[in-house]
Amino acid sequence: MADIIQLLPDSVANQIAAGEVVQRPASVVKELVENAVDAKATSITINIKDAGRTLIQIIDNGIGMSDTDARLAFERHATSKIKNAEDLFAISTMGFRGEALASIAAIANVELKTRRSDNELGTQIIIEGSKVENQESVSCSQGTSFSVKNLFYNVPARRKFLKSNTTEFNHIINDFQRIALTNPEIEFKLYHNNSEIYLLPKTNIRQRIVSIFGKRINQNLITIESNTSIIKITGFIGKPEYARKKSGEQYFFINNRFMRSPYFNKAVLNAYSQILPPETVPSYFLYLEADPSTIDVNIHPTKTEIKFEDQQAIWQILHAAVKQALGKNNIAPSIDFNQEQGFEIPVLSQARDVQVPKVEIDPTFNPFEQKMPSFKNPKSSKMSLEKDNINNWESLYSGFQNETKQRSDFSFISNEDTQQSITDSNLSEKYFQFKNKFILTPVKSGLMIIDQKRAHERILFEKYLDSLSSESIATQKSLYPKTIELDTKDHALIIEICDDLKCLGFDISDFGGNSIIVNGMPIDAGNQEPEQIIDKFLNEFLSSEINTKSQAKEKIAKALSKASAISSSQILDSKEMREMVDMLFACQNPNYSPFGKLIVSIIKTDELEKRFN
Ligand code: ADP
Ligand code: MG
């Protein structure tokens, strides 16, 4: 029998490697910008067209390449950054595997122009699918410019796998921000379809954070600094009142490289425990420095997880550093959790005046003793422990969100009550509607009152977030196509987020001019007219604060939950009320609306009895 093993041609090997290095346009941006940083550029310009599908251009003013180097750069394992295995342990540059350019050239059309300062002429190389089509001398400015066109043109499967332009561009922004946050001394410019997205002048880290995330963050940053033999930590953490709803501004860097670390994230969150508004996470920008030999250097170029020799010690140091920084700023309250009676904690209200609500706790409460309700929604059991914890610590927070007055009258919902309500709801029909606005229902400890509109917002919000993150297409209620005319800005916005809206059940297409056609609407929208719901949606969407682009989905879900929720004057029958209560307590966070407003309150039986004394 003949031998059957063959060596793959380089072009095929490169395409396979490309699958690992280049997952999406953002990977190309990351690799090329990192190369520019490694080349000691002081100014880097990034031009993106169609979220990188059509063009990714990176222009730097770094050291440039000689004719030979320019040609060699595209070979696999061609790198100027390590010479031998020992070098691996002292890596200070971003790249070192020499894979990126070979990979990119295998799956796109690439044009490179580069010139070193001591050469009069530069060189231009054109490569298509790993094949050098042309190399010639050209005059060009010092530094390097890469144009990557038609990404994945020869890998249709990968091209199809790309998400909407909004999603892909969000990935680019994320990678861009990570590099910009570690290189404040470099000027960055980012353009998308010729419009300017970021213009970041050379500065220090603090100002770089401000130029990326907006002026408001400036007075909300607390400096952090801790220097130990194992690890050095510098950077900033956000004040608790600046904490945001879920993710976005949490950054760890190790030796100036972005890293993901759920483990260290816990150390930070833990240090903030008890001082954050419900459902929020603090911002942080933490720069860790460790001896490279104590971390796993053999990291894959696209991986952001990193192994440390001394994980646990670093956890402790980090936790202590954050706590200390918060303490120095008089933010962390000193709470004695072993105290058996009620205690007082300062709570930071949004209006910035500090109130001191009285809080009752149940000393016998044990989150691990709870039985889970028999409830159909699989989410509720999966999240049970998490929800228990949230409910438990949230109970310390009555008085937040300007609800002090109401809440000092009522004690806060406990887990037991939540479960009791669900059990009740399965058994009987004890629901009453009050002023067509509140749902009242008896629970073990008293009378539970639910704001129906806020409850519905919460239910829809979590549902929409789910659909958006799974990117599944929701079923649509078909309707006679409706044409709606919008102004230019609203029209552009709707078209931009059209894919996300599809996941939520809208079927919208561009009608040209400033008009759209609505062919389908989310089922939850009830019998509202398309104009009405789009109008409410746009209103809410545009009035909410513009954060990072990565929070766009949450913003969409929030705005639509508000637009679709039932009104505060809708009559509900007892079946509808029961369903609403059931769905509410299947939510991850049934206590607050997506806008941070209180949903549930309980009048305790003994309070009621006191009134009749
Ligand atoms: P790596 O960065 O891992 O070395 P790459 O494939 O990304 O591998 O790049 C290969 C080589 O090409 C680099 O080591 C560097 O010498 C050269 N190079 C790439 N981009 C630039 C640039 N913008 N300016 C100067 N040299 C560059
Ligand atoms: Mg590289």
Side-chain angles (χ1 to χ4, degrees), residues 10-11 13-23 26-47 56-85 87-108 110-119 122-127 130 132 135 138 140-148 151 175-176 178-179 182-183 186-189 255-258 292 297-304:
D10 265 2
S11 58
N14 284 343
Q15 254 197 35
I16 295 170
E20 277 182 71
V21 181
V22 185
Q23 285 147 347
S27 331
V28 175
V29 176
K30 171 177 177 285
E31 293 295 338
L32 295 185
V33 176
E34 284 183 350
N35 280 346
V37 171
D38 284 345
K40 304 189 169 54
T42 57
S43 173
I44 301 174
T45 301
I46 304 161
N47 286 315
I56 296 168
Q57 184 184 38
I58 315 284
I59 305 163
D60 71 53
N61 64 351
I63 55 174
M65 286 177 262
S66 69
D67 294 1
T68 323
D69 282 351
R71 175 66 197 82
L72 260 179
F74 292 99
E75 295 294 327
R76 210 134 60 96
H77 308 303
T79 178
S80 54
K81 298 166 194 175
I82 50 171
K83 295 200 171 58
N84 50 46
D87 286 354
L88 266 178
F89 296 95
I91 290 295
S92 60
T93 54
M94 304 304 289
F96 56 84
R97 291 169 149 243
E99 273 180 337
L101 292 183
S103 299
I104 294 166
I107 45 148
V110 179
E111 185 201 276
L112 160 67
K113 276 190 198 166
T114 185
R115 182 171 73 82
R116 295 196 299 191
S117 61
D118 48 2
N119 296 9
T123 188
Q124 182 193 50
I125 295 184
I126 293 175
I127 297 196
S130 291
V132 180
Q135 173 161 14
V138 289
C140 57
S141 42
Q142 190 215 312
T144 302
S145 152
F146 276 100
S147 296
V148 177
L151 187 63
D175 280 313
F176 171 82
R178 291 166 188 174
I179 301 175
T182 41
N183 296 285
I186 300 178
E187 169 193 61
F188 286 95
K189 296 175 196 164
N255 297 347
N256 239 21
R257 180 193 290 269
F258 173 80
V297 288
N298 200 14
I299 356 153
H300 190 277
T302 64
K303 291 250 170 72
T304 44

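Counting convention: from 1, in listed order, for ligands and their atoms alike.
Distances from atom 17 (C) of ligand 1 to the heavy atoms of Met65, Arg116, Glu34 put Met65 nearest.
Here's the thing with Ala102: none of its N/O atoms is less than 3.5 angstrom from an N/O atom of ligand 1. For the pair Thr79 and ligand 1, the shortest N or O to N or O distance falls below 3.5 Å.
In terms of modelled atom types and a separation under 3.5 Å, the side chain of Arg115 and the main chain of Cys140 share a donor-acceptor contact. Put simply, the side chain of Thr114 gets close to the backbone of Gly143: a donor and an acceptor are under 3.5 Å apart. Not one N or O on the side chain of Gln135 forms a donor-acceptor pair closer than 3.5 Å with the backbone of Ile126.
In summary, the atoms of ligand 1 found under 4.0 Å from a heavy atom of Ala100, numbered by their order in the structure, are 6 (O), 7 (O). For ligand 1, the atoms sitting less than 4.0 Å from at least one non-hydrogen atom of Ala73 are 10 (C), 12 (O), numbered in the order shown with element in parentheses.
Residue contacts with ligand 1 for Asp60 involve side-chain atoms from C-beta outward but no N, CA, C or O (heavy atoms, distance under 4.0 Å). Residue Ala39 touches ligand 1 through its side chain alone, judged by heavy-atom distances below 4.0 Å. With a 4.0 Å cut-off on non-hydrogen atoms, Thr144 touches ligand 1 through its side chain and not its backbone.
Summarising the geometry, atom OG belonging to Ser27 is positioned 8.5 Å from atom CD1 belonging to Ile104; distances are rounded to the nearest 0.5 Å.
In this structure, a donor-acceptor pair under 3.5 Å is absent between the side chains of Asn61 and Ser141.
Using a 4.5 Å cut-off on side-chain heavy atoms (C-beta onward), Asn35 and Leu101 make contact. Looking at heavy atoms from C-beta onward, Glu34 lies in side-chain contact with Ile179 at the 4.5 angstrom threshold.
With 2.8 Å as the limit, Thr79 does not count as an N, O or S neighbour of the Mg ion (ligand 2).
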